[in-house]
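All chains are named by letter (A, B, ...) in the order of the sequence lines, taking the proteins before the strands, and each is independently numbered beginning at 1. These numbers come from a predicted model, not from an experiment.
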2 protein chains.
Amino acid sequence: MTAMAPSRAEPDLSYFLDRTGHVLRTQMTAALAEIGLTARMHCVLVHALEEERTQIQLAELGDMDKTTMVVTVDALEKAGLAERRPSSTDRRARIIAVTEKGREVAHRSQEIVDGVHRAALESLPGDEREVLLRAMRRLVEGHLSTPVEAPQAPRRPRQ
Amino acid sequence: MTAMAPSRAEPDLSYFLDRTGHVLRTQMTAALAEIGLTARMHCVLVHALEEERTQIQLAELGDMDKTTMVVTVDALEKAGLAERRPSSTDRRARIIAVTEKGREVAHRSQEIVDGVHRAALESLPGDEREVLLRAMRRLVEGHLSTPVEAPQAPRRPRQ
DNA sequence: TATTGTTATACTCTATAACTATA
DNA sequence: TATAGTTATAGAGTATAACAATA
């Protein structure tokens with residue numbers, strides 16, 4: 001596990017964000033697991049329901065690599081929640097079509113996700129909750145909008 | 001990368017926490033890298049400076065595994081920032097002693113960490129900042145205090 | 001030439017297992 | 001028997017490389 005938590009002058013925002021994010025994620029993972037979904041499967045399912053989308057489009061929306069998307073769609077197909085269909089306009093692309101069962105599961109998983117979020121937010125006084133959300137939005141759109149690029153080591157070619 | 005970010009009824013707390021936490025971590029990693037430290041090295045250095053501590057004690061404070069601590073202390077020794085010294089009371093244990101250079105680096109790294117946090121917090125209006133911190137503290141001590149245990153697959157014995 | 005989806009796999013990270021030396 | 005530290009490595013997760021089909 002990660003960490004960084006001593007006493008110091010400046011409030012330890014890193015600790016607050018890492019810790020709350022981590023614990024919330026464990027809650028979400030456990031809650032979605034009860035209906036056989038991962039967070040990624042839920043994310044793809046919901047976006048695929050909104051309109052006809054290809055794997056690449058869904059990958060971008062969920063901020064995943066296209067190879068990760070392959071695995072996620074495999075899982076959705078295996079669970080009978082979605083299907084790959086040829087695009088009518090681009091024969092390279094696959095539209096991810098949500099099945100009837102998938103639609104039902106997506107509604108249920110959305111309730112689960114909302115429930116986990118609601119439980120956390122309702123543990124705060126109403127005014128604190130309001131301001132917390134406003135501040136988070138401001139950070140996401142402002143000072144914490146863009147990750148600092150890390151120099152990534154080039155990989156040895158496949159032998 | 002992780003993600004989950006559609007439009008929905010309940011505010012997407014997962015997205016806010018994951019995203020802000022991630023971006024802040026990239027800022028911190030980049031800033032500390034300029035003086036050759038990782039976040040873990042900084043964390044161990046600071047705690048080791050406070051008082052005489054063994055590897056196990058430092059591991060618990062930083063919420064790391066003892067095997068991760070071995071690697072971290074190796075890095076600190078290699079950089080000449082800390083040394084392993086035998087404990088005078090327990091011959092199994094090693095006290096992590098910070099060198100003079102280590103002390104200087106720790107002060108510098110603490111300034112860096114504080115600076116990164118300050119920059120983020122100062123991007124918020126004062127009243128929002130206050131309430132954000134209060135709310136985060138409330139979550140860390142309350143509804144988001146304890147990770148949900150994930151059932152972890154038993155590992156095959158070392159062959 | 002560029003892009004979609006796919007397979008194979010290199011790499012990183014983390015923590016379990018096993019071990020040595022002490023307690 | 002239990003604990004501190006160590007080594008080796010299993011396993012999960014992620015993303016790069018290479019490729020086939022198509023644009």
Side-chain angles (χ1 to χ4, degrees), chain A residues 1-3 18 22 25-26 29 33 38-41 44 48 52-78 82-97 147 149-159, chain B residues 1-3 18 22 25-26 29 38-41 43-44 48 52-78 82-97 147 149-159:
Chain A
M1 295 284 130
T2 53
D18 283 351
H22 170 66
R25 182 160 40 248
T26 68
T29 299
T38 62
R40 272 202 248 266
M41 288 165 78
V44 169
E52 286 216 342
R53 284 178 166 141
T54 65
Q55 286 188 207
I56 286 272
Q57 290 171 329
L58 291 168
E60 275 162 14
L61 282 168
D63 194 22
M64 303 174 214
D65 191 85
K66 61 180 181 172
T67 59
T68 305
M69 181 57 59
V70 170
V71 178
T72 306
V73 174
D74 284 350
L76 288 173
E77 273 201 325
K78 199 166 156 187
E83 291 168 4
R84 288 171 165 98
R85 294 204 187 140
S87 162
S88 52
T89 59
D90 183 339
R91 287 202 293 175
R92 295 169 305 179
R94 316 297 190 88
I95 299 296
I96 303 309
E149 292 294 337
Q152 49 202 33
R155 198 163 96 168
R156 174 164 68 89
R158 230 157 88 190
Q159 86 291 58
Chain B
M1 295 283 131
T2 52
D18 284 350
H22 170 66
R25 181 159 42 249
T26 67
T29 299
T38 62
R40 272 202 248 264
M41 287 165 78
C43 177
V44 169
E52 287 216 342
R53 285 179 166 138
T54 66
Q55 287 189 205
I56 286 272
Q57 290 171 330
L58 291 167
E60 276 161 13
L61 282 169
D63 193 23
M64 302 175 214
D65 190 86
K66 61 180 181 172
T67 59
T68 304
M69 181 58 59
V70 171
V71 179
T72 305
V73 174
D74 284 350
L76 290 172
E77 273 202 324
K78 199 166 157 186
E83 292 168 5
R84 289 173 166 96
R85 295 204 188 140
S87 162
S88 53
T89 58
D90 183 340
R91 286 202 294 176
R92 296 169 304 179
R94 315 299 190 88
I95 300 295
I96 303 309
E149 293 293 338
Q152 49 201 33
R155 198 163 96 167
R156 174 162 68 88
R158 229 157 87 190
Q159 86 293 56

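When the side-chain nitrogen and oxygen atoms of A/Arg94 are compared with OP1 and OP2 of C/dT4, none of them lie within a distance under 4.0 Å. Listed pair B/Gln152 / C/dA15 fails the phosphate criterion, with no side-chain N or O lying under 4.0 Å from OP1 or OP2. Between B/Gln55 and D/dT6 there is a side-chain polar atom (N or O) within less than 4.0 angstrom of OP1 or OP2. A close approach under 4.0 Å does not occur between any side-chain nitrogen or oxygen of A/Arg155 and OP1 or OP2 of C/dT12.
Nearest-nucleotide positions on DNA chain D place B/Ile95 closer to the 5' end than the other of B/Ile95 and B/Pro154.
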Assign a letter to each nucleotide of nucleotides 18-23 of chain C from its 5' end: B, base within under 4.0 Å of a protein heavy atom; S, sugar-phosphate only; -, no contact.
S--BBS

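Residues passing the side chain to side chain contact (heavy atoms under 4.5 Å, CB included) test with A/Gln57, sequence neighbours excluded: A/Arg53, A/Thr54. Residues forming a side-chain hydrogen bond (donor to acceptor under 3.5 Å, both in side chains) with B/Glu52 (at least two apart in sequence, or on another chain): none. A search for side chain to side chain contact (heavy atoms under 4.5 Å, CB included) contacts involving B/Thr67 returns B/Asp65, not counting sequence neighbours. With sequence neighbours left out, the side chain to side chain contact (heavy atoms under 4.5 Å, CB included) criterion links B/Pro86 to no other residue. Under the rule for a side chain to side chain contact (heavy atoms under 4.5 Å, CB included), B/Arg91 has no partner lying at least two apart in sequence or in another chain.
Spacing between atom CE of B/Met69 and atom C1' of D/dT3 amounts to 16 Å, rounded to whole angstrom units. The interatomic distance linking A/Asp65 (CG) with C/dT3 (P) rounds to 15 Å, in whole Å. Atom pair A/Arg40:CZ and D/dG13:C1' shows a separation of 8 Å (rounding to whole Å applied). Atom P of nucleotide C/dG5 and atom CZ of A/Arg85 are separated by 15 Å, given to the nearest angstrom. If you take NE2 of A/His22 and C1' of C/dC13, they are 15 Å apart, rounded to a whole angstrom. Residue B/Met64 contributes atom CE, which lies 13 Å from atom C1' of C/dT14 at whole-angstrom precision. With rounding to whole Å, A/Gln57 atom CD is found 15 Å from C/dT3 atom P. Protein atom CZ of A/Arg84 is 15 Å distant from nucleotide atom P of C/dT4, rounded to whole Å.
Of the candidate nucleotides C/dT7, D/dG5, D/dA10, D/dG5 has the atom nearest to the side chain of B/Ile56.
Looking at heavy-atom distances under 4.0 Å, A/Ser87 makes no contact with the nucleic acid at all.
Contact check for A/Arg94 versus A/Arg85: no side-chain heavy atoms found under the 4.5 Å cut-off. A heavy-atom distance below 4.5 Å is found between the side chains of B/Arg84 and B/Gln55.
Between the base of D/dA4 and the side chain of B/Thr54 there is no donor-acceptor pair shorter than 3.5 Å.
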